[in-house]
Amino acid sequence: MSFTILGTGSAHPKYVLTNDKLSEFLDTSDEWITTRTGIKTRYISTDETLCGLATSASRHALEAAGVGAGELDLILVSTLQGDCLTPSLSCMLQRELGAQCPAFDINAACSGFLYALQTAAAFLDSGRAETVLVCAAEMMSKQVDWTDRATCVLFGDGAGSVVLKKGSGLRAMRLTARGDDRDLLVIGSHSGNNPFAQVQYPAPWLSMAGGEVFRFAVTSMVHDIRTVLEQSGLTAKEIKYVVPHQANLRILKAAAERLKLDEGQVVTGLERYGNTSSASIPLVLDELARDGRLSRGDILVFSAFGGGLTTGACVIEY
Ligand code: UT7
């Protein structure tokens, strides 16, 4: 059974941070960032909250779906960290939307949107929900070290939402987690003010073994997409669009080449958004929907990889 996507929405902060602006305070250049990643700009929060972005994206999705907040049976939010640890971002969003249903957050780093879709599918399949809002919202500008040129230039802020209804659109789904490789991408935390604490946590900024994550990303993307295509009995030629996690244009090109996908089949948004972690897939999906590039029945493949390390891919008939 699973779901049909009824509507999409997205939101981003208003401030556009260019590569040239970054080179004013970091030893970097537009040339390095563009050739190594494909990223030209990213949106960075100034007076926006993550709840504000999530609310705006979700209102657009509800409107596109023609669904009222009161009709929602569940709200799932994928985020590395909301505005507070508690209340969860999903509870804050529920209040802003005026919904009454249960709400909880999911953290699977950049793969979180796919983990949230699979969770929604389980609620819908078991009859515990008829209509679910899935939002992915990330404020990466809060997670990076703004003195580390190797990471802070890569990320941006944004939110994307989908409204799902019971249906038959989910053709295949694969999720993976490899805790053995957990140290390749880390955002630590504070130890609080516990006077008894003897544990030193990793710094509360993002650190990443870029090259190793790059290789993992290409390999897992290719393997995950091949697996879900096989599960759904489809070939790469039958895919209208692959909507991948937006981390690096070179990752997407390498994976597309191995999967024998045409350039036009792989959708990118990282030129403008940078890497918005789990928000990157629904942000780009919403652009496709709003530009009129999607038709009912189109075969879409989502693919993600990131901290954990986690990955996921799915095939959806739109
Ligand atoms: O979303 C979560 C998953 N994350 C990813 O998928 C990210 C995967 N990794 C990547 O996308 C790439 O590995 C990066 C974009 C992070 C790095 O690109 P790279 O081609 O792997 O570069 P590198 O780390 O090997 O660094 C090459 C050089 C180094 O200098 P030396 O040692 O050769 O002198 C870096 O210090 O580039 C230098 N460098 C920079 N130079 C200018 C690193 N960052 C910068 C920078 N500007 N911003």
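Both counts, for ligands and for their atoms, begin at 1 and track the order of listing.
Here the rule is side-chain contact (heavy atoms from CB on, under 4.5 Å) with W205, and of I187, V144, D145 only D145 fits it. A side-chain contact (heavy atoms from CB on, under 4.5 Å) with T119 is found for exactly one of L114, L74, I106, namely I106.
Applying the 6.0 Å contact sphere to CZ of R290 captures more than 12 heavy atoms from other residues, nucleotides or ligands. Crowding of E230 atom CD: a count of heavy atoms from other residues, nucleotides or ligands under 6.0 Å not exceeding 12.
Side chains of T311 and T176: a donor on one and an acceptor on the other come within 3.5 Å.
The atoms of ligand 1 that sit less than 4.0 Å from any heavy atom of N248 are 10 (C), 11 (O), 12 (C), 15 (C). Below 4.0 Å from some heavy atom of T37 lie the following atoms of ligand 1, by number and element: 15 (C). Ligand-side atoms of ligand 1 in range of H245: 1 (O), 2 (C), range being under 4.0 angstrom from any heavy atom. Counting atoms of ligand 1 from 1 in the listed order, those under 4.0 Å from a heavy atom of G211 are 13 (O). Close approach to F305 involves these atoms of ligand 1, each under 4.0 Å from a residue heavy atom: 6 (O). With ligand atoms numbered from 1 in the order given, ligand 1 contributes 1 (O), 2 (C) to contacts under 4.0 Å with heavy atoms of C110. Within ligand 1, counting atoms from 1 as listed, the ones closer than 4.0 Å to a heavy atom of M208 are 4 (N), 7 (C). Close approach of ligand 1 to V213 (heavy-atom distance below 4.0 Å) involves ligand atoms 3 (C), 4 (N), 5 (C), 6 (O).
Stacking of R296 on the aromatic ring of Y318 is recorded, both the 6.0 Å distance cut-off and the 45° axial limit being met.
Scanning both residues, S58 and L93, for their nearest heavy atoms gives OG-CD2, 3.7 Å. Across C51 and D83, no two heavy atoms sit closer than the pair N-OD2, 2.9 Å.
The parts of F214 lying near ligand 1 are both backbone and side chain, judged by heavy-atom distances below 4.0 Å. Proximity of T151 to ligand 1, defined as any heavy-atom pair under 4.0 Å, is not found for any part of the residue. The backbone and the side chain of T28 each have at least one atom closer than 4.0 Å to an atom of ligand 1 (non-hydrogen atoms only). In L26, neither the side chain nor the backbone holds a heavy atom less than 4.0 Å from any atom of ligand 1.
Taking a distance limit of 4.0 Å, we find that atom 41 (N) of ligand 1 is approached by some protein heavy atom. Distance check for atom 44 (N) of ligand 1: a protein heavy atom is found below 4.0 Å. For atom 6 (O) of ligand 1, a protein heavy-atom neighbour is present inside the 4.0 Å cut-off. There is a protein heavy atom less than 4.0 angstrom from atom 13 (O) of ligand 1.
Between the side chain of R42 and the main chain of V153, a donor-acceptor pair closer than 3.5 Å is present. Using modelled atom types, one side-chain atom of Q265 and one backbone atom of A236 make a donor-acceptor pair closer than 3.5 Å.
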Subject >> Evaluation steps, salt bridge (charged side-chain N to carboxylate O under 4.0 Å, His left out), between D30 and K40 >> reply: CA-CA 7 Å; D30 175 47; K40 298 294 284 182; 3.3 Å; yes
Subject >> Y201/H190 under ring pair (Phe, Tyr, Trp, His ring centres under 6.0 Å): CA gap, chis, key distance, verdict >> reply: CA-CA 7 Å; Y201 294 100; H190 300 279; 9.7 Å; no
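Of the protein's non-hydrogen atoms, the one nearest atom 9 (N) of ligand 1 is G210 O, 3.0 Å. Counting protein heavy atoms only, atom 16 (C) of ligand 1 is closest to L154 CD1, 3.8 Å. Nearest protein heavy-atom contact of atom 29 (C) of ligand 1 is R149 NH2, 4.8 Å. Nearest protein heavy-atom neighbour of atom 23 (P) of ligand 1: R36 NH1, 4.4 Å.
Between G306 and ligand 1, no pair of N/O atoms sits closer than 3.5 Å.
Side-chain atoms of Y241 and R293, non-hydrogen and from C-beta on, do get closer than 4.5 Å to each other.
Closest to atom 37 (O) of ligand 1 by heavy atom, among W32, F155, F216, is W32.
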